[in-house]
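Presented below is the structure to which this report refers.
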Amino acid sequence: MAPSTRRSTRASSGHVADGKQTTLSFKHKVTKPVHHVGKEEKAVSEYKPPARAKEYTPDEEPAKKRKKTEKEEEKLEDEVKEEVEDKKEEEDEVEAEEDKNVPVVKPQTPFGEAEARAAKLDDSDIAKYWKDIEASRRAKEVHKRNTEDLSTTEKVLRYFDVSSQYGPCVGITRIKRWQRAQRLGLNPPIEVLAVLLMEEAKGNSDIEQAHMDVLLNSTAVGSVGV
Amino acid sequence: MVTLDDVADKSLLQKPSPEAPESLERSESKYQPLATFALPKERNYHQQFADVYFIRLAKIKPIVEEIAHAAWEGTVVGGETATKVDRVLDVRQGQLCWVVGTVYMEMPLKPSVLEDISHDRWIAAPTTADKYYSPDGGDKIMLEDDSGRLTLVGSILKDYFLVTGCIIAVMGTENAHGEFEVLDLKFADLPPQPDRWRLSQAPKAKEEDVEMSDVSSGSRSKKIAIVSGLEFSGTDTSHAMELNLLLEFLLGEALGPAAQSELSQISRLIIAGNSIAKPSDTDAAGDKKPHSKKYGYDASSYNPLPAQLFDGFLAEILPTMPVTLLPGALDPANVSYPQQPIHPAMFPRARAYVSPPSTSSPSEPGWFDNVTNPWEGELEGWRVLGTGGQNLDDICRYIDNDDRLGMMEAMCRWRCSAPTAPDTLWSYPFQDDEPFTMKECPHLYFVGCQPEFGTKVIEGPQGQMVRLILVPSFAATKEVVLVDTETLDVSRVKITTS
């Protein structure tokens, strides 16, 4: 949760109160250290937002889902233009492949469809997905020895948990959270669904709840109710 | 012998006229309620309320982004072009940008659970403020999304109604204090409006040819009566006479044939909340100690009279007119929004008119329809959205203004019928889908239990037209609202005894 707001005694409340606003100027002394590339170059194209959980579009994607992502991508700003172009190239290549081996029987519901796609992925796809995410991180991994005993499965799922753009991970099972994100059109990575289905098939019910959820809901042994 | 015909002049007795008086028939009501706000019978509360905000933002954000993109893309202010920023925390000092998020109002007078817990220790008297708005400017407006919060400042914020939970796009820049100075603001605006008769069957034109007697009723348009705040009470009889007169008015018993033919146009009565008054302290017989507590409550302190009176009222009206009943803040329904329908067990006599519970797919709505609050349905082809008043009353507390119609308009433009849920309006923690975001624009939006009557028509960017109605509380104003179903014009009827 965000820390409590600073209640600074400040002049800006004075701004609101008397209704006069000083002219905005972008030339004033910037008090925060900001990495400037130079005002001549379009600051726009150089500025990349901090990497969120990268929306890794997987290789296989049916035509209509791709159209939706393309439409969404058209609306994205210049700063992610490079990434968008890469994705589009990938998808164009794959489209040719997929048309050849499109399965004849398609399940009716959208989740059935997503599950069918997820079923096609195997461990090597998941490993590749995770490697790509790790490769995109610029900082060195500090807590590597703490995460050594976690399987890639668990790492992928925990990364999905903390991706806040799909909503809070507490109070909802992972599979339902994935389905909700899918329904709202947020394009959650299909690899996560693949992992969840694989674990479910193995009968592993530990992965249903987000790990953070388990920690938050656990009660200390021997504690008495408040 | 003198016969009646000799002395038959108009001042004395007259023979009964040979024509039988026309029997008036009430117009039929074309009705199709929607179960938008119905909650499942077994609902769990394990989930957090953050899901509600997340769903709201995820649904409305793309729409606001489109509008903001269309408005601001390429605008140059002070030599800088505006750029879109994905997350609220991505704004950079000195850079002109725009971002979409949920508004959060930080108000010291708002009830806060943490303060309540800390006060628990001191036994301080809880101050329930009527308004959360603090006049000395202690309120802060912040923009929030899943990454964090950003304080908003700027003189333009005063021109708009803003409450916690509405989704906006703001353009501006971060100043030296870390606050975002807002230059411009955009909402999602009205959602697409369905055509008339989307869900139910429009009356076919040939109906008028078939029966000649219907021609006259076909040309007269139907009306819907909306009333709220009937507040039947066991102890408070200040408006009991008016309630009786209301009953006679709706039944057509009270007035002459001319008025009766007008009344027969009223095809449906909608009761928009607060039908049973709050039990006063004397009702509960607080002096006597509870004798026996069976089943966990003291049966002798319950006063069944208000519910009985209301049941009697309904049982008299129902034979002639279909009724839709929305629960209100004072009614025996659940406290949190959306309120579920009042159980028919409360109305032993009116119960006969409720459609029998069936396990098969939803059958036709009964003559007496208990519905949720808020309620959405199609009435005479028009999409209607109605609430019992809690959402508007809660929004009023945030704003230092009495312009309730303006707030209703703002709700439509924010596309959210209860933005302050779950912050200050108690609500169910929705996890999969949140019904308060308006997917389709209603043609008629009414809010019950208001202090005063008001009405307005608002327009949307795609030509949508919405009629907004504030239905006054009958107990206070003794007024009934009549809505014409062809033109959506509104008139009101005041019932007085003087």
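All of these numbers come straight from a predicted model, not from anything done at the bench. Quick note on labels: first sequence line is chain A, next is B, and so on, each numbered from 1.
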Determine, stepwise, if the pair A:Trp178 / A:Gln182 fulfils side-chain hydrogen bond (donor to acceptor under 3.5 Å, both in side chains). CA-CA 6 Å; A:Trp178 195 95; A:Gln182 174 81 324; over 6 Å; no

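Interatomic distance, B:His177 NE2 to B:Gln93 CD, rounded to the nearest 0.5 Å: 10.0 Å. Here the CG atom belonging to B:Leu150 is positioned 6.0 Å from the CG atom belonging to B:Leu143, to the nearest 0.5 angstrom.
Side chain of A:Arg137 to backbone of A:Glu134: no donor-acceptor contact under 3.5 angstrom is found. When atom types are taken as modelled, the side chain of B:Arg415 and the backbone of B:Asp189 share a donor-acceptor pair closer than 3.5 angstrom.
A cation-pi arrangement is present between B:Arg149 and B:Tyr104 under the rule of less than 6.0 angstrom and at most 45 degrees off the ring axis.
Listed by sequence position, B:Ala50, B:Asp51, B:Phe54, B:Ile55, B:Ala58, B:Lys59 are the residues of residues 50-59 of chain B in contact with chain A, using a 4.5 angstrom heavy-atom cutoff.
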